[in-house]
Each structure stands twice: as structure tokens, then as C-alpha cells.
Amino acid sequence: HIIWLRCKRRAPEDPGNNKRLVLAIDKPMFPFLDLYIPTEPKTYDIISGGYLKFTKGSTLEYRYPVFKLPQGFPEDQYLFLQVTPSTPTTHAAASFTLLLADEDQFRKRTWFELSFYFMMFGVLASMIFYNLFLYLFLKDKVYSLYVVYITFILTYLYLRSGFGNLAGFQHLTPYTLYAVSIAYLFGILFSQEFLSLKLNTPVLNQMIRGVILITLIVILLSVFNFPKAANQCMHLTAVLGPVSLLSAGIIRFHQGYKPARYYVAAWSTMLMGVASFSLIGLGIFPKNFVTLNALAIGSTLEAVLLSTALGDRIQTLRKEKKALQKQERRLTELSIRDELTGLFNKRWFTSKLRGEIEHNVRIEEPLSLMIIDVDNFKRFNDTCGHAAGDRVLSILGQVISDSIREHDIPCRYGGDEFAVIFPATEIERAVISAERLRKAFKSMKIKLDNGKRVSPTLSIGVGQLIKV
């Protein structure tokens with residue numbers, strides 16, 4: 001399909017300005033553009049300006065076609081522009097603007113545009129390298145998916161904005177559909193992994209798998225040169241995918257996954273950019289610098305917000321890890337502690353005593369052991385009840401803990417039988433601790449439920465391991 005346009009220069013605001021004029025077409029995606037400039041009746045100078053064919057010296061090297069008009073080009077003269085789109089989709093090809101300006105004014109405009117795009121590309125590139133470093137350090141799959149996604153977003157924006165033409169990569173321009181399709185595919189895969197959709201939203205995950213299938217079809221149609229069908233399928237995924245992914249992000253946020261708030265903000269920003277781009281094509285939004293570059297702005301903000309989401313995810317995982325470690329420590333304590341007295345249980349006592357004996361034999365340090373028994377405890381239980389007996393044992397456990405050093409090991413290994421392991425301690429020091437414990441417990445006046453106070457006594461034995 002070929003499009004012909006006829007246009008005429010308006011009367012200049014400054015009639016005295018005789019600077020050379022340029023005619024710019026703000027769409028880089030045309031492979032062939034021919035400008036016909038009348039010179040004499042039925043005679044034309046032809047200037048080519050597409051990315052595959054251009055006339056040197058009569059065009060400015062820029063990211064989109066810019067024609068130099070002859071010096072002193074009259075205002076009442078018609079120009080004819082022949083446009084050959086890269087695809088047969090005529091209505092999409094016709095969405096462009098003609099700009100007529102003097103050459104100096106246009107060059108100032110280009111510096112502003114280039115600064116803007118280099119800033120966008122710089123932000124995207126920094127996000128790629130930063131998260132690539134995190135992937136290499138953390139070996140987390142979600143970072144690799146993010147890096148590939150943003151890399152192809154950057155590739156798509158670079159080619160679509162015409163910088164490939166400016167850098168001499170004109171032959172890559174037709175592959176923008178490949179770039180956006182692959183970016184879209186990895187954006188979905190990233191979302192699945194980041195939000196853990198398979199586990200948390202299985203229904204939406206099945207829908208998103210369907211979108212992945214359609215995206216793969218788009219790539220295959222592009223490879224086998226069916227651009228119209230590929231575009232139609234891409235439009236379908238552009239509706240289904242973002243709605244599904246945004247819904248999944250909102251659901252995950254309501255499920256308590258806090259990093260999803262940045263994810264939702266990121267996709268909302270991208271959708272606003274896509275919507276602005278589409279509404280310009282439909283003629284609903286006006287064409288200005290912000291709306292024309294809304295897709296680049298939205299993509300850059302999305303990359304930053306998704307990177308923030310990944311950072312928040314790290315913090316969330318760290319908190320979850322700390323909570324799990326705390327829970328693990330608590331469960332470990334429960335498994336080695338006696339519930340009534342808070343001292344170590346028989347299993348821990350047996351294991352620890354064996355280990356201390358082996359340590360003592362190896363390095364020849366002293367090792368002492370104290371055995372404690374409550375006098376007449378069975379009769380006390382039968383007379384006062386098991387609740388009173390439990391109270392006595394609980395208080396005894398506290399007195400034992402208070403009467404020994406921090407590195408000594410107090411244990412309950414039977415009903416009313418207790419033991420204390422004294423690492424690196426000779427028997428004389430252990431006897432002192434035993435006497436301190438006996439006096440402290442004897443001085444206790446334990447009040448029972450009936451108001452009666454009792455002072456149970458202890459029998460204590462102390463020994464030291466001696467190498468023979």
C-alpha cells in the first residue's frame with residue numbers, strides 16, 4: 001500500500017526570515033519516503049528519506065526522516081509526499097505528523113529530544129545492570145526474568161524511536177514487533193514468578209498461561225512473515241495480559257504480599273503509557289511531547305517501580321526468614337526443654353553428658369556432675385496432690401537456675417530427679433554450688449492452694465570424672 005500526500009507551506013509568521021526550511025515526518029518506521037518538489041511544470045526534484053533509502057545531502061541524519069527544502073521555497077508551492085509503509089496496515093502507517101521549521105530551530109528541538117531519550121535509556125540500562133548484578137549475587141530466577149524483560153523493552157524503544165536508523169542499524173527496524181513480543185512474554189513470566197501465581201492465584205495463572213500461548217503465536221507469525229495476523233494477536237494479548245496481571249497483583253496485595261503494591265503501581269504506569277499511545281492513534285488525545293513519548297516514560301517508570309518491588313521483596317523474604325528462624329529456635333527449645341521447670345530434658349541431658357565426657361577425655365579438663373532428688377516427693381504428692389507437687393518442681397527448677405553459673409547445664413531427667421553438669425569444674429566448686437542450692441531451697445516457704453506453707457528438702461550428690 002502506498003500513501004500520497006499533498007501539502008502546501010503556510011504563510012510564514014516572519015516574512016523576513018529566509019532561513020532554510022526542513023520538513024520532518026515524526027515516524028521512524030517508514031522504509032521508503034519520497035518527497036517530490038516541483039521545479040518546473042511537470043518536473044520534480046525527488047528526495048528519498050526512508051530508513052532503507054535516503055538522499056545524502058538533502059536530508060538531515062536524525063532518528064526520523066527530515067527533508068531539506070530548497071533555499072527560498074515559495075509559500076504557495078505544493079509538495080507531494082509518497083509514503084511506503086513497512087506493513088500493509090494503512091491506518092497505522094497514516095498516524096504521523098508533518099513538521100515544517102527552519103533548520104536552526106529544528107536542530108535545537110533535536111537536542112532536547114535526544115537528551116530526553118538518552119536519559120530514559122540511561123535509567124533503563126542502569127536498572128538492567130543493577131538487577132543483573134543482584135541476579136549474579138543472589139542466583140534468584142526472578143531477577144534474570146526482570147533483566148531480560150527490561151532489556152527487550154529498551155531494545156523495542158530504541159528501535160521504535162528510530163535510534164537504530166541513526167546508529168546505522170536500519171536493517172533491525174522491522175524487528176520491533178519481535179522485541180515487544182519477547183519483552184511482553186518475559187514480562188508475564190516475571191509476573192508469574194514474582195507474584196507466585198501458580199501457588200496463590202491458580203485460576204488467574206491459567207488465564208495468563210493462555211496469554212503466554214498467544215504471545216508465542218505472535219512471535220511465530222512474525223517469524224513466518226504474517227505481520228497483519230501478528231498485529232491482531234498482539235492487540236488481543238495487549239488487552240487480556242495487562243488486565244489479568246494487574247488483577248493478580250491486586251489480589252496478591254490483598255493476600256498480604258506487600259511488594260505487590262509496587263508491582264501494581266508499575267503496571268498501572270505502563271498501562272497509562274500504552275493507553276495514551278493508543279488514544280493518540282485514535283485521534284482522542286492531542287499530539288504533544290508528553291503524549292507522544294508517554295510509552296517511553298511509562299516504560300521507564302515501570303522499570304524503576306518493578307526494581308523497587310524486587311528490593312521490597314528482598315526485605316520481605318528477609319523478614320520471613322527471620323520469623324522462620326525464630327520459630328525454628330522456639331521449636332528447638334521446646335524439643336529440648338522440660339515444659340514444667342524450663343530446664344533441659346532427659347534427652348538433652350543424655351546427649352550433652354556424653355559430649356562433655358568425650359570433651360573431658362580429649363583435653364583433660366575437670367568435669368563434675370550434681371544429682372538432686374526431692375525428699376519424700378511421692379508421699380508429698382499423695383498427701384497434697386499433683387498440682388502442689390508440680391508447683392514444688394517448678395520452683396525448684398527456678399532455684400537451680402539461680403544457683404549455678406551461666407555455662408552450667410541444669411536438667412530434669414526424671415519425675416523429681418534433677419542433674420546439673422559442671423563443665424571445666426572441679427568437685428570443690430560443684431559442692432559449693434550444691435550447698436548454696438540446698439540452703440536456698442530449704443529457705444523457701446511454698447504456699448499451697450489450701451493456704452498451707454511447706455519447705456521441702458533435697459538430697460544432693462556431687463561427683464567428678466577422674467581419668468584412671
Side-chain angles (χ1 to χ4, degrees), residues 323-360 365-466:
L324 287 173
Q325 289 174 339
K326 185 178 179 181
Q327 178 74 357
E328 185 179 356
R329 286 194 298 269
R330 192 179 73 84
L331 292 174
T332 301
E333 282 289 310
L334 289 175
S335 69
I336 63 175
R337 292 280 182 180
D338 174 61
E339 185 178 0
L340 179 63
T341 63
L343 305 182
F344 293 108
N345 58 24
K346 182 179 180 180
R347 181 173 59 182
W348 180 257
F349 168 73
T350 304
S351 171
K352 196 68 177 174
L353 183 60
R354 185 183 301 113
E356 289 296 332
I357 291 173
E358 292 174 356
H359 180 73
N360 170 270
E365 278 190 347
L367 176 65
S368 297
L369 178 67
M370 178 166 61
I371 301 295
I372 308 157
D373 184 80
V374 181
D375 295 333
N376 303 312
F377 186 71
K378 184 177 184 306
R379 187 172 63 185
F380 180 86
N381 253 352
D382 294 339
T383 304
C384 301
H386 287 282
D390 287 348
R391 179 166 176 75
V392 169
L393 295 178
S394 178
I395 291 174
L396 176 56
Q398 184 61 50
V399 173
I400 291 174
S401 296
D402 293 342
S403 302
I404 61 176
R405 299 167 301 182
E406 186 177 350
H407 64 275
D408 297 331
I409 306 165
C411 307
R412 180 191 178 194
Y413 71 94
D416 62 327
E417 297 162 335
F418 295 79
V420 179
I421 303 171
F422 294 94
T425 304
E426 295 180 345
I427 191 170
E428 291 79 10
R429 294 290 301 273
V431 168
I432 293 171
S433 296
E435 183 62 18
R436 183 167 57 246
L437 168 61
R438 186 189 67 77
K439 289 180 179 179
F441 191 67
K442 185 179 180 181
S443 66
M444 300 290 296
K445 301 294 183 181
I446 302 173
K447 185 177 181 181
L448 305 181
D449 291 340
N450 58 9
K452 184 180 178 181
R453 294 183 180 274
V454 295
S455 299
T457 58
L458 302 174
S459 295
I460 303 175
V462 180
Q464 179 180 341
L465 180 64
I466 299 175

S.K.: Can you measure from CG (L437) to CD1 (I460) and round to the nearest 0.5 angstrom?
M.R.: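 Going from CG on L437 over to CD1 on I460, the span is 4.5 Å.
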S.K.: What's the separation between atom CD1 in I409 and atom CD1 in I404, rounded to the nearest 0.5 Å?
M.R.: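 The CD1 atom of I409 sits 9.0 Å away from the CD1 atom of I404.
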S.K.: Could you check if a side-chain atom of P366 sits within less than 4.5 angstrom of a side-chain atom of Q464, using non-hydrogen atoms only?
M.R.: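 The answer is yes; the side chains approach within 4.5 Å.
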S.K.: Among residues at least two apart in sequence or on other chains, which ones pass ring-ring contact (aromatic ring centres under 6.0 Å, His included) with F344?
M.R.: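 F344 satisfies ring-ring contact (aromatic ring centres under 6.0 Å, His included) with W348 once adjacent residues are dropped.
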S.K.: Can you tell me how far the CD1 atom of I432 sits from the CD1 atom of I427, to the nearest 0.5 Å?
M.R.: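 One finds 11.5 Å between CD1 of I432 and CD1 of I427.
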S.K.: E428: which residues meet the side-chain contact (heavy atoms from CB on, under 4.5 Å) condition with it, sequence neighbours left out?
M.R.: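 Result, side-chain contact (heavy atoms from CB on, under 4.5 Å) vs E428: E426.
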S.K.: For the atom pair NZ (K439) and NZ (K442), what is the distance rounded to the nearest 0.5 Å?
M.R.: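 Here the interatomic distance stands at 9.5 Å.
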S.K.: Looking only at non-hydrogen atoms, find the nearest pair between R405 and R429 and report the distance.
M.R.: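 Between these two residues, the closest heavy atoms are NH1-NH2, 4.0 Å.
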S.K.: Are there more than 12 heavy atoms of other residues, nucleotides or ligands under 6.0 Å from atom CD of E339?
M.R.: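 Atom CD in E339 is not packed in, count stays at 12 or less.
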S.K.: Evaluate the criterion side chain to side chain contact (heavy atoms under 4.5 Å, CB included) for residue pair I421 and L367; output intermediate values, then yes/no.
M.R.: CA-CA 8 Å; I421 303 171; L367 176 65; 3.9 Å; yes
S.K.: For residues 345-357, which residue pairs pass the salt bridge (Lys or Arg N to Asp or Glu O under 4.0 Å) check, not counting sequence neighbours?
M.R.: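 Non-adjacent pairs meeting salt bridge (Lys or Arg N to Asp or Glu O under 4.0 Å): zero.
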S.K.: Give the table of side-chain donor-acceptor pairs shorter than 3.5 Å for residues 385-403, with sequence neighbours excluded, one pair per line with atom names and distance.
M.R.:
unit_1: R391; atom_1: NE; unit_2: K447; atom_2: O; d: 3.2
unit_1: Q398; atom_1: NE2; unit_2: D402; atom_2: OD1; d: 3.1
unit_1: Q398; atom_1: NE2; unit_2: D402; atom_2: OD2; d: 3.3
unit_1: S401; atom_1: OG; unit_2: G397; atom_2: O; d: 3.1
unit_1: S403; atom_1: OG; unit_2: V399; atom_2: O; d: 2.7

S.K.: Quick one: list whatever passes salt bridge (Lys or Arg N to Asp or Glu O under 4.0 Å) with R337, sequence neighbours left out.
M.R.: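 Applying salt bridge (Lys or Arg N to Asp or Glu O under 4.0 Å) to R337 gives E333.
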S.K.: In a table with atom names and distances, give each donor-acceptor pair under 3.5 Å that connects a side chain of residues 412-420 to protein atoms at least two apart or in another chain.
M.R.:
unit_1: R412; atom_1: NE; unit_2: G414; atom_2: O; d: 3.0
unit_1: R412; atom_1: NE; unit_2: G415; atom_2: O; d: 3.1
unit_1: R412; atom_1: NH1; unit_2: D338; atom_2: OD1; d: 3.3
unit_1: R412; atom_1: NH1; unit_2: D338; atom_2: OD2; d: 3.2
unit_1: R412; atom_1: NH2; unit_2: G415; atom_2: O; d: 2.8

S.K.: Could you give the distance from CG (N345) to CD1 (I336), rounded to the nearest 0.5 Å?
M.R.: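 Reported to 0.5 Å precision, the distance equals 7.5 Å.
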S.K.: Are S455 and I446 packed together at the side-chain level, in the sense that at least one heavy-atom pair is separated by less than 4.5 angstrom?
M.R.: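 A side-chain contact under 4.5 Å is absent here.
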S.K.: Return yes if some donor-acceptor pair links the side-chain N/O of T425 with the main-chain N/O of A430 below 3.5 Å, else return no.
M.R.: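 No; judged by distance alone, with no hydrogens or angles, the pair does not exist.
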S.K.: Do other residues, nucleotides or ligands put more than 12 heavy atoms under 6.0 Å from the CD atom of Q325?
M.R.: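 It does: Q325 CD has more than 12 such atoms within range.
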S.K.: If you measure only the distance, is there a donor-acceptor pair under 3.5 Å linking the side chains of D373 and S459?
M.R.: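 No.
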S.K.: To the nearest 0.5 Å, tell me how far L334 CG sits from R329 CZ.
M.R.: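 Going from the CG atom of L334 to the CZ atom of R329 covers 13.0 Å.
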